[in-house]
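The structure appears below as structure tokens.
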Amino acid sequence: MTGWNFAEVWDSVAREAGDRIAIVCGDTRRSFAEFEDRAARLASYLASHGVGTGDKVAIDLLNRV
């Protein structure tokens, strides 16, 4: 499949279902819109530190929100 990328698909989901719950971890819940906002802020941070299109980034996270 060509002509799209995961970020564009995720943006569409966040626009269409922004108020719906995307993540549940214990008592913490995040909507698709909140998740999109956090992802956009992370992308902005990475870009401001020189990460660009085509660069590879690894993130080691715990299984939690």
Side-chain angles (χ1 to χ4, degrees):
M1 204 176 205
T2 61
W4 64 273
N5 63 52
F6 185 77
E8 291 171 354
V9 172
W10 189 257
D11 287 342
S12 295
V13 170
R15 272 194 308 276
E16 295 297 321
D19 294 337
R20 295 178 75 180
I21 299 299
I23 300 170
V24 176
C25 183
D27 293 335
T28 303
R29 285 165 171 50
R30 296 277 189 261
S31 70
F32 282 99
E34 289 171 317
F35 191 86
E36 168 65 13
D37 176 64
R38 293 171 69 92
R41 287 187 286 137
L42 174 59
S44 178
Y45 173 84
L46 292 172
S48 73
H49 285 80
V51 177
T53 302
D55 290 344
K56 293 177 176 50
V57 175
I59 301 175
D60 182 20
L61 301 171
L62 299 173
N63 191 15
R64 63 182 189 153
V65 175

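Residues take their numbers from the sequence shown, with the count starting at 1.
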(request) Sort out for me which residue in R29, E34, R30 forms a side chain to side chain contact (heavy atoms under 4.5 Å, CB included) with I23. (result) R30
(request) For the residue pair I59 and L42, establish whether any side-chain heavy-atom pair is separated by less than 4.5 Å. (result) yes
(message) Within this structure, what is the CZ-CG distance for the pair F32 and D19, rounded to the nearest 0.5 Å?
(response) 11.0 Å
(request) Count the heavy atoms of every other residue, nucleotide or ligand shown that sit under 6.0 Å from CD of E16, and state whether that count exceeds 12. (result) no
(request) Please check if V57 and L61 belong to a single hydrophobic cluster, counting links between Ile, Leu, Val, Met, Phe, Trp and Tyr side chain heavy atoms closer than 4.5 Å. (result) yes
(message) Pairing donors with acceptors under 3.5 angstrom, does anything connect the side chains of R15 and S12?
(response) yes
(message) For a quick test of reading the model, state the closest non-hydrogen atom pair linking D55 to G50 and the distance between them.
(response) OD2-O, 3.7 Å
